[in-house]
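So the structure is just underneath, and the comments pick up after that.
A, B, ... follow the sequence lines: proteins, then strands. Residue 1 opens every chain.
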Amino acid sequence: MSSLDTIVRLPGLTLKNPVLTASGTFGYGLEFARYGNLADLGGIVVKGLSLKPRQGNPMPRIAETPCGMLNAIGIQNIGVEAFLRDKLPFLPWRETAVIANLYACDAHEFGELAAVLASVEGMAALEVNVSCPNVKEGGVAFGQNPGQIRAVTEEVKRNAGSKPVIVKLSPNVTDIADAARAAVDGGADMLSCINTLMGMAVDIRTRKPRLANVYGGLSGPAIKPVALRCVHQVCRAVSVPVIGVGGIASAEDILDFILVGAHAVQVGTANFMRPDAAFRMASELPALMEKLGIGGLDDFRGSLRA
Amino acid sequence: MLASRNNCQDLRVVRMTPLGGGEGAPPLFELVLSPPGWDFRPGQFVMIRPPEWGLDLVWGRPLSIADVREDGLRLLVQAIGRGTRRLSELRPGQVVTVWGPLGNSFAVEPDKPTLLLAGGIGIAPFVGYARRHPKPENVTLLFGHRLPAESYPLADFGGLRKAEAVREQNPEQLARFIDHLGQTMRGYAHGGLVLACGPEPFLRTVRKLALTLKARAQLSLENRMACGVGACLGCVARNGKDQLVQTCTHGPVFWAEDVFLSEDAAPLGGKP
């Protein structure tokens with residue numbers, strides 16, 4: 001099967017295949033260069049970046065749960081300046097899409113960050129994190145308020161120049177379609193959904209929460225049904241492309257998300273299950289499509305018989 | 001052949017050898033995996049995750065490389081949690097996914113008197129260290145443990161100048177061991193090298209003694225990890241510059257004065 005069959009055309013962005021990596025699960029990309037060819041991926045969404053470096057939350061900040069994990073990292077990152085200086089030049093951005101994930105405390109700061117990243121060659125798109133459950137300021141508070149989502153999106157879009165803007169939605173809302181419409185009203189070119197689900201784990205021996213932050217974001221195969229439902233709902237609510245995220249651990253999972261309407265996917269916790277997971281999924285997808293008689297992703301997308 | 005570059009490979013279980021344990025205690029076993037063509041430096045570790053875990057347990061488990069010999073990669077495992085208990089059920093012929101070798105390694109200073117301090121399953125990285133040391137006559141092992149001595153591969157330390165195993169089964173024995181630890185470390189305070197691996201209360205005690213005695217000491221941390229490659233940021237420790245560093249990639253071995261251990265957990269043999 002020709003590799004052309006897995007090309008994904010998005011607004012202002014073409015991916016060689018629909019397999020992206022999810023922010024926070026793939027470091028700055030370079031950590032995984034020993035486990036596969038980064039250029040073989042559709043794209044790399046790097047660890048959430050803020051204007052200044054952030055230390056994140058206290059330890060312990062990860063916990064394994066049935067078919068998933070909780071994290072409360074709290075956007076620990078090296079800051080945009082160090083990323084542009086020490087990481088981006090070493091990523092194969094001419095061969096694959098490198099996408100920044102933006103985190104800020106208010107709309108103005110989001111705009112400032114977007115302006116810095118938009119001016120850089122090698123940055124294919126900007127993903128706006130309005131949905132991190134692990135930070136007190138901003139974070140999921142933005143993602144739960146359609147007005148805030150719209151305001152942040154407008155500010156980022158205003159500063160993003162020609163770079164496509166993706167808004168990452170939170171599942172921790174009553175109606176994710178409302179959030180999706182707010183992002184699109186604000187000018188989002190694409191949406192990614194979902195971010196992690198708020199959860200907790202406790203230890204009956206110590207009687208303590210397993211995370212110092214008490215609550216954390218649940219990810220992994222456990223959340224895939226929720227993510228699939230959210231993508232389905234969002235695809236029916238808006239007309240911009242949607243990138244599915246949540247529990248994708250196989251090529252079959254990728255097609256599940258495309259079947260309900262996603263254009264591409266992001267592989268997250270599976271990168272921890274084995275570090276070559278995303279590479280393997282990208283390479284296995286064409287053969288699976290052939291086996292299932294799927295001639296191209298465009299034809300298959302959204303073909304769910306429901 | 002797998003060289004020293006980090007890689008992700010499916011290895012086959014050659015042998016599972018029960019090493020023992022005590023009544024009601026978590027059993028220890030040696031896991032040998034092939035192909036054997038691994039290069040490593042003692043102190044490094046691998047992540048291991050059997051594909052048959054499916055979607056159930058999502059993390060691999062970090063295990064110190066005990067040694068690599070002709071028959072394969074050797075790991076010591078104590079079946080203490082969900083993952084290690086599942087590992088104890090592996091049988092010859094089964095396949096496990098392994099990535100590594102990961103992390104840095106213990107210092108090797110052949111002409112310096114070197115003291116290996118192991119607590120329980122923390123003895124694992126010292127198997128290869130002792131066997132590969134260019135001058136084993138300069139190396140001494142002091143090993144504190146709770147399970148019977150035959151549960152551990154002590155025969156592997158036969159080439160050392162001295163190997164001493166001290167079993168602690170009650171608080172008095174533990175207190176005596178800590179005294180002995182301090183006395184022994186004192187002999188390495190000037191011009192020697194102290195290397196430690198074991199549970200965090202043990203490491204905290206060693207660190208405190210090392211700083212008091214001004215001994216050059218390295219500690220191997222056993223933090224919880226999800227990825228092992230520096231991406232998840234779940235295993236961070238605070239270094240001497242008050243920066244957060246990933247234990248998996250900046251460690252697991254740190255100089256005692258260059259790492260802070262959490263202060264809220266109980267020290268060895270004492271109250272918080």
Side-chain angles (χ1 to χ4, degrees), chain A residues 21 24-36 46-48 53-78 206 208 210-212 216 219-222 224 247 249-250 253 268-277 279-280, chain B residues 2-10 46-51 53-62 81-83 86 96-102 200 221 223-238 242-249 260-266 272:
Chain A
T21 58
T25 66
F26 209 66
Y28 299 104
L30 301 168
E31 293 86 344
F32 288 80
R34 288 178 170 135
Y35 301 98
V46 301
K47 173 76 188 150
R54 283 178 61 99
Q55 292 264 7
N57 291 327
M59 294 279 284
R61 53 191 190 176
I62 53 172
E64 195 178 41
T65 58
C67 297
M69 64 176 280
L70 287 163
N71 92 81
I73 304 298
I75 321 279
Q76 180 188 335
N77 78 99
I78 58 176
T206 62
K208 286 183 174 178
R210 290 193 185 272
L211 299 176
S219 64
K224 188 187 146 197
S250 66
D253 291 338
T269 299
N271 294 312
F272 304 155
M273 296 165 80
R274 51 181 301 157
D276 58 358
F279 304 105
R280 286 162 62 99
Chain B
L2 260 177
S4 59
R5 68 196 171 95
N6 288 338
N7 215 323
C8 184
Q9 294 281 313
D10 287 332
V46 292
M47 296 293 286
I48 173 169
R49 185 179 180 279
W53 285 3
L55 303 178
D56 185 8
L57 302 179
V58 295
W59 294 346
R61 295 300 189 266
R82 286 199 308 161
R86 294 276 293 268
V96 293
T97 303
V98 177
W99 55 104
L102 301 164
E200 190 169 320
L221 270 51
N223 286 6
R224 184 174 301 146
M225 296 174 185
C227 69
V229 303
C232 73
L233 304 180
C235 68
V236 292
R238 202 167 284 280
D242 204 26
Q243 298 162 329
L244 291 177
V245 290
Q246 290 99 305
T247 302
C248 60
T249 49
F260 293 98
L261 303 179
S262 67
E263 298 302 323
D264 56 348

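To the nearest 0.5 Å, the span separating CD on B:Gln243 from CD1 on A:Ile78 amounts to 12.0 Å. Between A:Arg34 atom CZ and B:Cys8 atom SG the span is 14.0 Å, to the nearest 0.5 Å. The distance from the CG atom of A:Asp276 to the OG1 atom of B:Thr97 is 8.0 Å, given to the nearest 0.5 Å. Taking SG from B:Cys248 and CD from A:Glu31, the interatomic distance works out to 9.0 Å, rounded to the nearest 0.5 Å. For the atom pair A:Met59 CE and B:Asn223 CG, the distance stands at 5.0 Å (nearest 0.5 Å).
The side-chain heavy atoms of B:Asp10 and A:Arg274, taken from C-beta on, include a pair separated by under 4.5 Å. Put simply, the side chain of B:Leu233 reaches to within 4.5 Å of the side chain of A:Lys47, judged on heavy atoms.
When every heavy atom of B:Ala231 is checked against every heavy atom of A:Gly27, the shortest pair comes out as CB-N, 3.5 Å. The two atoms that bring A:Ile73 and B:Cys232 nearest to each other are CD1-O, 3.3 Å, heavy atoms only. Of all the heavy atoms in A:Phe32 and B:Val229, the pair that sits closest is CZ-CG2, 3.7 Å.
Applying the salt bridge (Lys or Arg N to Asp or Glu O under 4.0 Å) test to residues at least two apart or on different chains, the pairs with a partner in residues 58-71 of chain A are A:Glu64-B:Arg61, A:Glu64-B:Arg82.
If you measure heavy-atom distances from A:Thr65 to chain B, the contacts under 4.5 Å come from the backbone alone. Both the backbone and the side chain of A:Met273 come within contact range of chain B, judged by heavy atoms closer than 4.5 Å. Within the 4.5 angstrom heavy-atom criterion, only backbone atoms of A:Thr25 (N, CA, C, O) approach chain B. Within the 4.5 angstrom heavy-atom criterion, atoms from both the backbone and the side chain of B:Arg224 approach chain A. Contact annotation for A:Tyr28: neither backbone nor side-chain heavy atoms come within less than 4.5 Å of a heavy atom of chain B. Only the backbone of A:Ala63 comes within less than 4.5 Å of a heavy atom in chain B; its side chain stays farther off. Contact annotation for A:Pro60: only side-chain heavy atoms (C-beta onward) come within less than 4.5 Å of a heavy atom of chain B. Heavy atoms of B:Met47 lying under 4.5 Å from chain A are absent altogether.
In this structure, the salt bridge (charged side-chain N to carboxylate O under 4.0 Å, His left out) partners of B:Arg86, at least two apart in sequence or on a different chain, are B:Asp56.
When each of B:Cys227, B:Gly234, B:Gly83 is checked for heavy-atom pairs under 4.5 Å with chain A, B:Gly234 comes out on top. For the options A:Ala270, A:Gly68, A:Ser250, heavy-atom pairs under 4.5 Å to chain B are most numerous at A:Gly68. Contact count against chain B (heavy-atom pairs under 4.5 Å) is highest for A:Pro275 among A:Pro66, A:Pro58, A:Pro275.
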Report the C-alpha distance between B:Val58 and A:Phe272 in whole Å, list the side-chain angles of each, state the deciding distance to 0.1 Å, and finish with yes or no for side-chain contact (heavy atoms from CB on, under 4.5 Å). CA-CA 7 Å; B:Val58 295; A:Phe272 304 155; over 6 Å; no
